[in-house]
Each structure stands twice: as C-alpha cells, then as structure tokens.
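Numbers restart at 1 for each chain; the letters A, B, ... are given by sequence-line order, proteins then strands. When reading the values below, keep in mind they use all heavy atoms of this one structure, side chains included, and skip hydrogens, waters and symmetry mates.
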2 protein chains.
Amino acid sequence: MATIKDVAKLAGVALSTASYALNGDSKVSAKTRTKVLEAASQLNYRKNGFAMDLKRSRTKTIALILTDLSGPYYSELIQSIQDVALARGYDLIACSSMGGRDSTAVKFLRENRADGAIVLAYNISNETLQECASERFPIVVMDREISSNCLINVLVDSELGGYTATRYLIEKGHKTIAYISGPTSSYDNQRRYEGYLRALQEAGLEEKTKWRLSGNFVREGGYRATKMMIMQGELPSAVFYGNDEMAIGGLKAFEESQISVPNHISVIGYDDIQLAEYVNPALTTIRQPKREAGSLAGHLLFQMLDGDEVNPAYKLGIELMERKSVIAAKN
Amino acid sequence: MATIKDVAKLAGVALSTASYALNGDSKVSAKTRTKVLEAASQLNYRKNGFAMDLKRSRTKTIALILTDLSGPYYSELIQSIQDVALARGYDLIACSSMGGRDSTAVKFLRENRADGAIVLAYNISNETLQECASERFPIVVMDREISSNCLINVLVDSELGGYTATRYLIEKGHKTIAYISGPTSSYDNQRRYEGYLRALQEAGLEEKTKWRLSGNFVREGGYRATKMMIMQGELPSAVFYGNDEMAIGGLKAFEESQISVPNHISVIGYDDIQLAEYVNPALTTIRQPKREAGSLAGHLLFQMLDGDEVNPAYKLGIELMERKSVIAAKN
DNA sequence: CTGAAAGCGCTAACAC
DNA sequence: GTGTTAGCGCTTTCAG
C-alpha cells in the first residue's frame with residue numbers, strides 16, 4: 001500500500017508538500033500540485049482515513065445506532081436525521097446493534113469512532129449509554145427515558161398514544177378491549193400498555209389477562225397471538241395492537257377465520273407505517289411524528305456538539321389516524 | 001480525554017502492560033489487570049478506535065453503500081448481508097452515497113475505512129468504483145454491470161425481468177403496452193426497458209413514444225406520469241411500471257380518474273416490495289430474489305478477502321408474481 | 001512556497 | 001510478567 005511518503009518521494013517533494021497538495025491547500029504551486037497528483041495516481045495512492053482522523057481527532061461523523069439495519073419502519077426518521085447531518089457537513093453512518101457486547105454499535109459508542117450518536121436500539125443497555133455519553137460524545141436516545149450528562153431523550157409520548165388509542169375505542173362504545181403486546185423489554189411497548197391501562201381504568205373497565213397476549217412487535221407474532229385469542233373462544237369487541245406490524249398479522253388471522261374487521265371486531269394499530277393505509281380494511285392507528293422526531297434529534301445532537309445547553313428531554317405528541325378498521329360497538 | 005498512557009501512569013504500570021491488560025492478554029497477572037481496569041474506569045478512559053485500526057491496519061468492517069440510507073426496499077437484502085458478515089465476525093456499517101463527491105460513501109471507498117464494500121448506489125460512478133477496487137479492498141457491485149480486478153457483480157437479470165413482464169402482458173392479449181421508466185441513469189431501469197423492447201419486438205408490436213413516460217422510480221413520479229398518460233386521451237391496454245413504487249402511484253392516479261384496474265387497464269410492476277400484495281388490486285409484479293442476492297454478495301466479498309478466485313459476475317433469476325392487477329385483454 | 005520534525009493513541013516486538 | 005521502544009500514516013507547526 002502506497003503511503004503519502006511514497007507519493008512525496010516519487011514526486012520529489014517533501015512530505016508536507018505532498019500532504020498540502022493532496023488536500024488542496026492554496027499554498028502549493030499549481031505545478032507542484034500536478035506533480036504530486038500524478039505521482040499519487042501512478043502509485044494508486046489511497047489516503048488512510050484512520051490516520052487522518054487520528055491526527056485531526058475529530059471525525060465529522062455521527063453514528064446512528066439501530067437494532068437492526070434492515071428494519072424498514074424508520075425510513076422517514078432516518079431521512080430527516082440524514083438531512084440535518086448533511087446540512088451540517090457531517091457524515092451519518094448507520095450501524096447495527098445486533099451481536100450484543102461486541103456489535104458494531106458498541107464499538108462506535110465506546111471507541112470514539114464518531115463525534116456523537118443517535119440511538120434507537122433497545123438492546124443497548126442504559127449503563128452502556130450512560131457510560132459512553134460525555135461532553136466529547138453526546139448521545140440522543142430515542143427509545144427510552146433516561147438522562148444523564150450529555151445524554152438526552154427525544155421521544156414520542158407513547159403513554160399518551162396508548163391512552164388515545166384505547167380511549168378512542170372506548171368512545172366508540174367498546175367495552176372489551178384486548179392488548180397485543182410487544183416485547184416487555186421495550187420502553188415504548190411498556191408505555192403504550194400503561195396508556196391502555198389508564199384509559200381502561202378511567203372508564204371503569206377491567207383488563208382481562210386472557211386478552212393480553214404477546215406478539216413481540218412482529219407480524220408473525222401478531223398473527224399467532226390473534227390465532228390464539230380466536231382459539232380461546234370468546235372474542236373482545238376490539239383489539240389494540242402494540243404496533244401496526246402485529247395488527248397486520250392480526251388482520252390476516254381474522255381473515256383466515258372469517259371474522260370480519262371491523263364488522264365483527266374492531267382493530268387499532270400503532271405507528272402508522274406506510275402499509276397501514278393499504279391493508280384491507282385500512283388500519284386505524286396512532287401516527288408518530290417520525291420526521292419531526294428525527295429532525296429534532298439531529299438538531300439537538302449538533303447543539304450539544306456546539307456546547308450549547310439543551311433540555312434533557314423532549315416529548316412529541318401523536319395523532320390518531322382514523323381509517324376503516326374501527327367502527328362503533330354494537331351493544 | 002484520557003489516553004492509555006494516563007491509565008498506565010495512574011495504575012503505576014508500563015504502557016504496554018496497560019494495553020495488554022485492557023485487551024485481556026493472558027500474560028498479565030490478575031492483580032495488575034484489576035489495577036489497570038480500575039484506573040481506566042476512574043479516568044473514564046475510552047479507547048481510540050482509529051488509533052487501533054491504524055496500528056492493526058485492518059478494520060474487520062465491511063461497508064454497505066446505499067444511495068439512501070432510508071430506502072426501505074432493501075430490507076431483506078441488507079438482512080442477508082448482515083447475517084453473513086456477522087457470521088464471519090465482521091462489522092457491517094451502512095453509509096449513504098448522498099452528497100456526491102464527498103459523501104460518506106466515497107470516504108469509505110477511498111480512504112480504507114473498511115476492508116471491502118458492497119455497493120448498491122447508482123450515483124457512484126463506474127470510475128470511482130474501478131479506481132477504488134483493489135486486492136486490499138474488494139468490491140461487490142449489485143446495481144450495474146461492470147467488472148475489473150477485485151470488483152465483481154451480483155445482479156438480478158433485469159433484462160429478463162423486463163422481458164418476462166412484457167411477455168406476460170402480451171400473452172394475456174395486450175397489444176398496447178406503456179412503459180413507465182425509472183431514471184435513465186439507472187442500470188436496472190435500462191435493462192428492464194430493453195427487456196420490454198425485446199418482448200415487444202418479438203411479438204411484432206411497436207413501441208409508442210407517447211407511452212414511454214418517466215417516473216424516476218418514485219411513487220409520486222409514477223402518479224404524475226400516469227396522470228399525464230390519462231390526459232393524453234388514448235390509453236394503452238396495459239402498463240408496465242419500472243418498479244412497484246411507481247406502479248402504486250399509478251394505481252392511485254387511475255383510481256382518481258375512475259379508471260378501474262384491471263378491468264379498464266392492466267398494470268404490472270417490478271420488485272415485489274412488501275406493499276405489492278396489499279394494494280388494491282394486489283399488484284402483479286416481478287419478484288427479485290433479494291435474500292439470495294444479498295447472501296451471495298456477502299459470501300463473494302469474503303471469498304475475495306480470503307484471496308480466493310471468484311467469477312467476475314453472477315446473475316440471478318427472477319420470478320413472476322401473478323396477482324390481481326392484470327387480466328386478459330378484451331379484444 | 002518547501003522541508004524537517006513532532007506527535008495523534010495505540011500495539012507488538014524485544015529485552016529484561 | 002513487565003517495561004522500553006519503534007512505528008502505523010497522516011497533519012501541521014516552525015524555520016528557512
């Protein structure tokens with residue numbers, strides 16, 4: 001591998017001159033510059049980015065840490081973060097937290113490979129996060145409530161979302177409402193469930209444990225949970241799925257059992273993913289302001305990077321998307 | 001920022017001892033190790049990953065370069081690449097090629113920030129790719145036909161796909177078939193179009209330029225192109241959209257104009273994205289083997305990294321997904 | 001403008 | 001086991 005030293009030698013100039021020429025510094029003559037550039041291309045020289053970062057000791061990169069690189073649901077959010085980063089001349093790189101202890105994510109968090117991070121990965125522990133956040137490495141966390149020095153939260157009010165969804169069902173006259181849950185380790189799931197409980201309680205309704213099933217936030221899980229509910233015999237009049245994916249799985253299960261949504265049973269989801277308005281019936285759901293959340297997270301990270309004071313936590317609202325999967329209960 | 005030097009000093013040991021202790025080398029005594037670890041945590045020491053990479057001169061990382069980090073359509077593909085990387089103990093990091101000349105992607109390509117790359121980003125030029133590929137940095141390209149030393153292709157046979165889609169329409173009796181095109185700079189779009197042309201020609205049908213519109217591979221573009229086609233007055237009996245996104249936009253346009261798909265006009269898409277089976281009518285489309293392609297790309301990259309000989313190009317087949325958006329032409 | 005030289009933080013011989 | 005030391009490849013003073 002050719003180094004800048006080789007380039008300098010071949011071009012017959014000093015090391016520093018080569019460096020200047022390669023970086024387009026104005027103080028090197030055009031002639032010298034060409035000579036250097038030529039030497040470089042002749043040697044197939046490639047700059048070593050790490051050496052540069054090491055020297056400059058800042059990376060102009062922010063890391064976006066996701067549970068799973070392939071999760072398609074955060075597209076708007078990523079987009080908006082990316083816009084902010086780009087506008088500030090920073091790179092955004094995404095890494096997965098799969099692989100636990102020695103995942104790429106943890107490497108980025110622990111080893112100063114970026115100037116800051118935005119985290120949306122429930123499998124990264126609070127401790128790791130708190131340990132890694134510092135003035136030199138601010139972190140914005142979007143999937144839990146936790147704060148610490150240089151560690152702030154941007155989240156969507158999931159409790160309110162859960163409450164709103166359930167409340168809506170209740171207002172439509174539903175009295176028996178199931179909750180299909182995500183992983184209990186998920187902060188969002190937990191809060192949605194709390195909101196559900198609050199709405200129930202407020203209306204003097206009781207939660208029936210047989211109507212709290214777990215679907216792990218995935219479509220297949222929603223499908224299976226729903227199947228199970230159907231097999232139990234008695235059906236609630238409405239079901240609140242912890243996210244749209246599970247709701248879509250549920251819709252399929254109902255269809256297979258010839259239970260019509262919304263005529264026999266009402267269904268509400270959570271997230272408002274793209275698919276939601278296309279499924280049949282179009283899914284009534286709670287919309288999260290993903291764009292706003294992403295944008296806010298990006299801006300806040302840069303503010304911290306600039307050394308500005310920022311509030312430790314931000315909470316965004318939600319919106320009910322009324323579509324076709326819920327109708328008034330027939331009492 | 002505390003360095004390993006500070007840690008060593010505080011622990012009262014030599015630099016190297018600290019390094020060994022921190023890296024869990026067996027030749028350091030348990031007592032010394034604890035001492036070092038304590039010092040480290042006391043100083044809130046964070047290893048500098050770049051310095052390490054610089055020293056070790058390999059990153060155990062492969063870069064996945066995408067046009068747009070937020071594109072939701074490659075989820076299966078990313079997943080399968082990630083599986084392969086993880087199994088080999090490598091990190092996978094995704095970076096966007098947005099931002100052109102000095103995008104993160106180009107930095108990764110040019111600056112040895114990873115051991116190899118998988119590229120799926122039509123806005124990265126062939127030259128850049130050819131220039132960057134080398135024994136020390138193999139590249140697998142998935143969205144164009146280009147080969148070079150240590151640069152191989154994995155692609156899906158788009159020409160065949162375009163042909164198959166069009167041929168299917170023709171067999172259903174359609175004689176006037178529009179093509180809604182993606183960006184002309186896209187290799188895939190180009191090949192799909194060629195396949196379309198070949199099928200037409202084979203059947204002795206002619207392409208009408210007024211029925212070749214551009215939708216830029218995005219939903220909104222498909223919508224607009226379709227609107228335009230409708231305004232032109234005369235409608236073809238079927239339309240082949242260069243991808244599903246555009247087809248979905250088209251479906252919306254037809255619906256707004258009360259043109260029923262498939263009764264008035266047949267529609268076929270390309271990609272078989274998740275949404276495809278949920279839209280109304282369910283979209284007939286060409287399915288790409290994304291999982292297989294991703295997995296293959298990953299394996300090939302590692303083979304190159306291992307110094308094995310590999311073929312310069314691989315082409316995968318496609319599959320027609322018959323759903324509800326195409327019916328036989330009423331002649 | 002150019003060149004010599006001092007590190008950035010870390011690892012890994014090598015000697016003790 | 002532990003300590004000394006020589007760089008990895010680059011940028012950037014500082015003197016010419």
Can you tell me whether the side chain of B:Ser16 and the base of D:dT4 have a donor-acceptor pair closer than 3.5 Å?
yes

Any base atoms under 4.0 Å from A:Ser29, or only sugar-phosphate, or nothing? Heavy atoms, all strands.
sugar-phosphate

Take the protein atom CG of B:Asp25 and the nucleotide atom P of D:dG1, then report the distance between them rounded to whole Å.
11 Å

Measuring from B:Ile65:CD1 to B:Ser103:OG, what's the distance to the nearest 0.5 Å?
7.5 Å

Taking only Lys NZ, Arg NE, NH1 and NH2, and the carboxylate oxygens of Asp or Glu, determine whether A:Arg88 and A:Asp306 approach each other closer than 4.0 Å.
yes

When we call it a touch if two heavy atoms are under 4.0 Å apart, what does B:Thr3 touch: a base, just sugar-phosphate, or nothing?
sugar-phosphate

Closest-nucleotide ordering on DNA chain C, the 5'-leading residue of A:Leu15 and A:Lys27:
A:Lys27

Atom-pair distance (CZ on A:Arg46; P on D:dC10), nearest Å:
11 Å

5'-most by nearest nucleotide on DNA chain D - B:Val13 or B:Lys55:
B:Val13

Is it possible for you to check whether A:Arg144 lies under 6.0 Å from the centre of the six-membered ring of A:Tyr122, through NZ or CZ, and within 45° of that ring's axis?
no

d(CD1, A:Ile4; P, C:dA5) in whole Å:
17 Å

Euclidean distance, atom CZ of residue A:Arg33 to atom C1' of C:dT2 [Å, nearest integer]
14 Å

Which is true for B:Asp53 with a 4.0 Å heavy-atom rule: it touches a base, it touches only sugar-phosphate, or it touches nothing?
nothing

To the nearest angstrom, how far is B:Met52 atom CE from C:dG9 atom P?
16 Å

NA contact type, A:Tyr20, heavy-atom cut-off 4.0 Å: base, sugar-phosphate, or nothing?
base

Of all the choices, D:dT2, D:dG9, C:dC10, which nucleotide is nearest to the side chain of A:Asn48 once you look at every atom?
D:dG9

What is the distance, rounded to the nearest whole Å, between atom NZ of A:Lys9 and atom P of D:dC10?
14 Å

Check whether any side-chain nitrogen or oxygen of A:Ser19 sits under 4.0 Å from OP1 or OP2 of D:dT11, and answer yes or no.
yes

If you find the nucleotide of DNA chain D closest to A:Lys47 and the one closest to B:Leu54, which residue's nucleotide is nearer the 5' end?
B:Leu54

Whole-Å distance separating the CG atom of B:Leu22 from the C1' atom of C:dC10:
11 Å

In whole Å, I'd like the distance from the CZ atom of A:Arg56 to the P atom of D:dT13.
11 Å

Give a yes or no on whether a salt bridge exists between A:Lys107 and B:Asp91, defined as a side-chain N under 4.0 angstrom from a carboxylate O.
yes

Measure from the side chain of A:Thr17, starting at C-beta and using heavy atoms only, and say which of C:dA12, C:dA4, C:dT2 lies closest.
C:dT2

Respond yes when some side-chain nitrogen or oxygen of A:Thr32 is under 4.0 Å from OP1 or OP2 of C:dC1, and no when none is.
no

Does a salt bridge link A:Asp53 with A:Arg58, judged by any charged N lying under 4.0 Å from a carboxylate O?
no

